[in-house]
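Position 1 is the first residue of the sequence, and the numbers go up from there. Only this structure's heavy atoms are used, side chains among them; waters, hydrogens and symmetry mates stay out.
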Amino acid sequence: MRQISMLLCALLLTGCQVHTGAATAPATLYDFTLTDDRGQMLSAATAAERLAGMDVIMVGELHGHPGVHRFQATLLAALLEQPEPLALAMEQFTRNHQAELNAYLSGKLGEDAFIEQADAWPSYRHDYRPLIELAKSAGIDVIAANAPRHIVRCIGRQGPGYLDKLPATERGWVAGRLTLDEDEYKSRFMNTRFHGHSPDERQFAAQTAWDDTMAESMAAYLATHPGHRIMLTVGRFHIADGLGTAQRLKARMPELNIALIYPVLSGEAAPDAPLWSLKVQALPAPRLDGEPFPAIKMELPECL
C-alpha cells in the first residue's frame, strides 16, 4: 500500500489542476477541472472522499485524451487509499480475455505477451497501462467487462438473432439479454451519425450489446463480491444523461448507488445533474469542414 501512496502523491502533485475558486480552462491537454453535480469544484482526492459511499463509479472518457486518462489514474489511486474493497472494470477488455488479464495481474505474463494475447487496445501503453499497473500493485481485481468486438460486429451486420447461432461458450461472452426497448438511449443513438451515416436497428443491437454486457459483468461481480465497489472506465456516450451502461446496470440492480463522471471539452456545456463534469482542453480537430471521413480499414471476421 506504501507504493500506492507514493503513486497517489505523484499524481496529485503534478499536472492536474485543483481549483477552489472560479473555474478556469485547463491549461494543457494533461490538465482537468472536476466539478460535482452542484457545480462545486473538487480535487481528485476530495472527489474520492465524496465518492466513498458509491457502489459503482463510472468514469466516462474521450478515448485517447491525455487529461481524461490522467484523471482516471489519479482517481483510482485515491480510491485505493480507502478501506473499502475496490475492483476496476474496463470497457477496453472483453470477457473472452479475462484469463489473460488475470494472468498478467498475477505475474504470469509479461507485458508484450499480455497486450497481444488479451487483444489490448492499440493505445494501451499510453492510455491504460497506468490503471492496470495501479491495480496490479494493489492486488485488486480487474473486470474485462465488454463483449468481444468480432461478435458485436456480427450483431451489427445480422441483428441480435446472430447470438442464437453461437456456441454456448461464445454466447456467454455477451449479455444474456439485450435491452432493445424503444427507450431514450435508443432514440439518442438512432439520432447520432457515425462516419456520416445514420445507424439502423441492427447497429443499435450491437451498441446495446456493449452496454448490456458491461452492465451484466459488473452486476455479476457485485453479486459474488458483497461489500466491494467498482470503478468503470468507459466511453462517455455510454453514460451520457445517465443512460446506456448506467441505465442497464440500474435495471439489473436498482439498489445500487451509482456515480457518473462525464468529460466535457472546453466550450461544451456541463452535463445535467446528477452527473459530475470533468472539463478538459479540446483536442485538435480530426478533420476540417469538407474533408472526407477516413476509410475504415479493418478485417471483418466471417460471421456464422
Side-chain angles (χ1 to χ4, degrees), residues 55-56 58 87-106 108-109 113-121 124 128 132 135 140-183 185-186 189 199-226 228 230 232-235 238 244-256 298-304:
D55 301 304
V56 178
M58 298 187 180
L88 173 66
M90 300 185 72
E91 173 193 15
Q92 295 77 23
F93 290 97
T94 56
R95 285 181 174 182
N96 55 319
H97 292 303
Q98 184 68 61
E100 291 84 356
L101 181 53
N102 292 346
Y104 181 71
L105 293 171
S106 63
K108 297 177 182 177
L109 278 179
F114 163 60
I115 290 172
E116 180 180 358
Q117 294 178 28
D119 194 22
W121 285 19
Y124 171 80
Y128 305 107
I132 294 295
I140 67 170
D141 291 331
V142 180
I143 304 163
N146 214 348
R149 287 188 289 272
H150 68 277
I151 294 178
V152 173
R153 290 187 190 122
C154 289
I155 296 171
R157 291 158 69 183
Q158 297 189 17
Y162 176 75
L163 293 171
D164 298 331
K165 302 179 182 181
L166 296 175
T169 297
E170 294 183 31
R171 180 62 185 86
W173 296 339
V174 182
R177 61 178 173 85
L178 302 186
T179 308
L180 300 172
D181 305 334
E182 298 292 330
D183 60 8
Y185 184 60
K186 182 176 182 180
F189 180 81
D200 59 24
E201 295 284 340
R202 292 170 299 177
Q203 290 166 328
F204 175 69
Q207 175 74 13
T208 200
W210 280 320
D211 292 292
D212 278 304
T213 301
M214 288 188 283
E216 184 185 85
S217 296
M218 290 185 287
Y221 183 88
L222 292 172
T224 56
H225 295 78
H228 279 63
I230 293 175
L232 170 71
T233 61
V234 64
H238 292 284
T245 305
Q247 178 188 37
R248 280 136 177 78
L249 178 57
K250 196 72 172 177
R252 287 168 168 83
M253 303 185 82
E255 73 281 5
L256 291 181
M298 62 175 66
E299 293 184 8
L300 292 177
E302 291 296 324
C303 300
L304 296 176

Between R157 and E302 (salt bridge meaning N to carboxylate O under 4.0 Å), is one present in this structure?
no
Scan the side chains in residues 114-121 for donor-acceptor partners under 3.5 Å anywhere in the protein, sequence neighbours excluded, and list what turns up.
| unit_1 | atom_1 | unit_2 | atom_2 | d |
| --- | --- | --- | --- | --- |
| D119 | OD1 | R149 | NH2 | 3.4 |
| D119 | OD2 | R149 | NH2 | 2.8 |
| W121 | NE1 | Q92 | O | 3.3 |

To check you understand the geometry: which heavy-atom pair defines the closest contact between M218 and A89, and what is its length?
CG-CB, 4.1 Å
Spatial distance of atom CE (M58) from atom OG1 (T245) [nearest 0.5 Å]:
6.0 Å
In Å and rounded to the nearest 0.5 Å, what is the CG to CD distance from L105 to E100?
11.5 Å
Summary of side-chain hydrogen bond (donor to acceptor under 3.5 Å, both in side chains) pairs that have at least one residue in residues 165-175, sequence neighbours excluded:
Q158-K165
So, the side chain of T94 versus the backbone of N146: is there a donor-acceptor pair under 3.5 Å, distance only?
no
Begin with the C-alpha distance, continue with both residues' side-chain angles, and end with the deciding distance and a verdict on side-chain contact (heavy atoms from CB on, under 4.5 Å) for D183 and Q247.
CA-CA 10 Å; D183 60 8; Q247 178 188 37; 3.7 Å; yes
D200 side chain to R202 backbone, donor-acceptor under 3.5 Å
yes
Shortest non-hydrogen pair, L178 vs P160, comes out as CD1-CB, 4.2 Å
Find the distance between NE2 (H238) and CH2 (W210) and round it off to the nearest 0.5 Å.
6.5 Å
Any idea how Y221 and H225 line up, ring-wise: parallel (<30°), tilted (30 to 60°), or perpendicular (>60°)?
parallel
Flag the pair E201 / K186 as yes when at least one side-chain heavy-atom distance between them is below 4.5 Å, and no otherwise.
yes
Who passes salt bridge (Lys or Arg N to Asp or Glu O under 4.0 Å) against D211, sequence neighbours left out?
none
Gap between atom CZ of R177 and atom CG of L163 - 0.5 Å precision:
14.0 Å
Non-hydrogen atoms of A147 and V152 that approach each other most closely:
CB-CG2, 3.7 Å
Distance col, row T233:OG1 vs Y128:OH, nearest 0.5 angstrom, shows 6.5 Å
Who pairs with Q98 by side-chain hydrogen bond (donor to acceptor under 3.5 Å, both in side chains), at least two apart in sequence or on another chain?
N102
Interatomic spacing from CG in L222 to CD1 in I143 - rounded to 0.5 Å
7.0 Å
Do the non-hydrogen side-chain atoms of I132 and F93 ever get within less than 4.5 Å of each other?
yes
What is the minimum heavy-atom distance between A209 and V174, and which atoms define it?
CB-CG1, 4.3 Å
For D212, give me all partners under side-chain hydrogen bond (donor to acceptor under 3.5 Å, both in side chains), at least two apart in sequence or on another chain.
T179, T208, R252
So does M214 get a backbone contact from the side chain of E91, meaning a donor-acceptor N/O pair under 3.5 Å?
no
Restricting to side-chain hydrogen bond (donor to acceptor under 3.5 Å, both in side chains), what partner residues turn up for Q203, sequence neighbours left out?
none
